[in-house]
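Data first, discussion second: the structure below is written as structure tokens.
When a ligand or atom number is given, it counts from 1 through the structure's own listing order.
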Amino acid sequence: MLIIKRPRGTNDLFYESAKKMSFVQNEINKIATIHGFSEIRTPIFESTELFTRGIGEETDIVSKEMFTFLDRGGRSLTLRPENTAAVVRAYLENSLQKEYAMNKLFYIGSMYRGERPQKGRYREFHQFGIECIGSSSYLADVETILLNVAILDSFNITETELVINTVGCPNCKPKYNQALRESLSSEKDNLCETCQVRYDKNILRMLDCKNPTCQEIIKKIPTFYDFVCDECREHFDGLCEELTRLGQAFTINPMLVRGLDYYTKTAFEIQSSNLGAQSAILGGGRYDKLAGMFNNGVDVPAVGSAMGIERLIFMIENEKFIEDRLDVFIIAFKETINHVMPILKRLRANNIKSDFDFDLKSIKSQFKLANKKNAKYTLIIGTDEISKNVCKIRDMDSGDEKEVSLDNIEKELKNK
Ligand code: HAM
């Protein structure tokens with residue numbers, strides 16, 4: 001029995017699954033670039049304080065899910081559970097506002113959360129994230145949403161719903177929190193344990209509770225739209241109008257509050273019922289106050305989102321993944337082995353995907369391997385062929401064979 005196994009909630013990717021991951025990442029990279037976004041790479045681990053401050057002490061992520069450790073110097077570090085706080089840190093630390101007034105950044109990378117693993121929920125997972133830092137225009141929100149939609153469209157993922165909401169700003173959010181507290185005070189004892197804590201510490205998160213009793217209680221609370229300030233309302237109206245003008249369908253859901261504390265104004269998710277319990281394929285929103293938390297209160301308006309790549313891959317039809325065939329598999333014998341590596345070198349220098357079996361087992365097993373590797377052609381190098389300075393090229397789909405001079409292999413294959 002294997003003594004050491006991979007940690008719970010992590011995945012090994014190889015062959016098909018690794019190819020799918022690379023294919024998806026390359027496509028996303030192309031589409032983000034077409035939309036004028038540039039890649040940013042930040043460390044996998046950061047100072048713990050970055051996340052506790054940025055995401056919020058009371059959030060599930062910070063209070064329960066972070067992989068935190070002390071380095072040899074006793075400094076507390078954390079594997080990034082998300083990347084928005086880190087991108088904002090990098091923006092400030094590298095004075096990216098000097099590059100552009102508005103920075104349109106994207107990243108693709110692994111994140112770490114100690115959640116209970118289930119389908120679509122892992123401890124190590126990958127996100128494609130977008131962060132537009134430096135503009136307060138609702139058009140930046142539209143741009144963020146539309147880039148995500150373009151990516152889903154490119155993979156033919158259609159059964160999705162864009163859900164949006166406004167969660168307000170420090171001007172109007174406290175008034176709503178107060179109204180919530182007052183309307184729920186008589187029900188506090190009936191709330192689930194988690195919501196009793198949320199009642200005191202982060203009451204807005206109760207709107208998201210899946211407990212049936214809490215959901216019944218929440219039905220009776222006032223909606224945020226009665227408390228939202230003029231600035232937040234104008235921003236939200238602008239966003240909704242622009243999405244409508246562009247023909248982008250959406251649903252407004254006043255109960256959509258996200259699991260990170262940094263959001264102001266816009267919050268959104270794209271959900272799909274095909275994903276089961278973990279229905280959010282991506283989520284995001286505006287975070288105009290996050291930079292100020294790291295920067296002595298100097299705010300920088302920003303909006304962004306992150307898409308779960310494992311969830312995305314789960315939704316992509318298998319046919320979308322381009323069949324990746326080997327061009328040539330070389331079949332040789334002990335007597336002709338010396339010819340294999342020089343020919344392979346020539347083929348590969350000509351971008352012809354080629355391979356062979358180091359151990360030169362029986363001809364049957366070499367053909368079996370060629371089939372398994374889905375080779376379009378086999379190149380057979382026997383002693384007879386070598387004496388004539390030729391090799392046989394076999395079309396593995398039709399079975400047709402042709403003798404070709406050893407000097408013309410690349411030319412012959414390139415013509416096919
Ligand atoms: P989030 O909603 O925590 O937002 O995560 C975004 C997406 O990451 C989710 O919708 C889901 O697809 C994927 N995801 C989250 N946790 C897991 C998990 N344990 N296993 C698999 N996939 C998961 C954020 O992370 C924010 N930083 C998004 C953002 C960027 N907001 C503004 N800018």
Side-chain angles (χ1 to χ4, degrees), residues 7-11 21 24 28 32 37 40 42 46 50-51 54-56 59-62 64-67 79-91 103-133 140-141 143-145 147-148 151-152 157 160-165 167 205 208 256-272 274-291 300-315:
R8 211 162 106 81
T10 63
N11 293 298
M21 180 60 88
V24 164
I28 289 178
F37 283 76
I40 181 162
T42 56
E46 297 271 356
L50 181 78
F51 301 117
I55 301 173
T59 58
D60 284 353
I61 297 180
V62 170
K64 300 188 220 157
E65 297 168 0
M66 296 207 302
F67 287 102
L79 295 183
R80 60 186 186 188
E82 63 103 49
N83 213 24
T84 308
V87 170
V88 169
R89 184 218 26 85
Y91 168 91
N103 283 264
K104 292 172 54 174
L105 303 166
F106 80 93
Y107 49 84
I108 301 174
S110 52
M111 308 291 150
Y112 301 85
R113 296 185 192 174
E115 296 187 83
R116 199 166 49 78
Q118 55 173 254
K119 190 173 136 246
R121 191 162 78 188
Y122 310 101
R123 293 188 170 176
E124 181 186 63
F125 59 98
H126 295 78
Q127 281 187 343
F128 156 63
I130 308 169
E131 312 295 350
C132 297
I133 309 180
D141 308 24
E143 174 98 324
T144 305
I145 291 172
L147 169 52
N148 283 302
I151 287 171
L152 296 179
I157 296 173
T160 55
E161 187 182 16
L162 167 64
V163 184
I164 60 175
N165 189 22
V167 294
R205 289 286 300 147
D208 215 19
L256 180 78
V257 283
R258 309 225 335 104
L260 305 103
D261 281 355
Y262 49 59
Y263 291 112
T264 48
K265 295 184 177 163
T266 314
F268 64 89
E269 283 187 358
I270 295 188
Q271 304 169 347
S272 169
N274 292 346
L275 282 172
Q278 304 305 316
S279 65
I281 184 161
L282 64 97
R286 200 157 255 292
Y287 49 94
D288 293 342
K289 299 282 160 190
L290 181 57
V300 182
V303 58
S305 67
M307 179 187 289
I309 297 193
E310 283 77 5
R311 293 185 195 178
L312 172 70
I313 289 176
F314 177 78
M315 294 194 63

Item to check | Sub-4.0 Å heavy-atom environment of ligand 1, residues by chain | outcome: E82, T84, R113, E115, G120, R121, Y122, F125, Q127, E131, R258, L260, Y262, Y263, A280, I281, L282, G283, G284, G285, Y287, G304, S305, A306, G308, R311
Checklist entry - Do side-chain atoms of T264 reach the backbone of D288 as a donor and acceptor pair under 3.5 angstrom? => result yes
Item to check | Shortest non-hydrogen separation from I313 to M21 and the atoms involved | outcome: CD1-CA, 3.8 Å
Checklist outcome for this item: Of all heavy-atom pairs linking I281 and M315, the shortest is CD1-SD, 3.6 Å
Checklist entry - Hey, is the main chain of A140 close enough, under 3.5 Å, to the side chain of T144 for a donor-acceptor pair? => result yes
Next on the checklist: We want to know whether Y262 and T84 form a side-chain donor-acceptor pair, criterion being a heavy-atom distance below 3.5 angstrom.
Outcome noted: yes
Next on the checklist: Show me the pairs that pass side-chain hydrogen bond (donor to acceptor under 3.5 Å, both in side chains) and involve residues 113-122, at least two apart or across chains.
Outcome noted: Q118-Q278
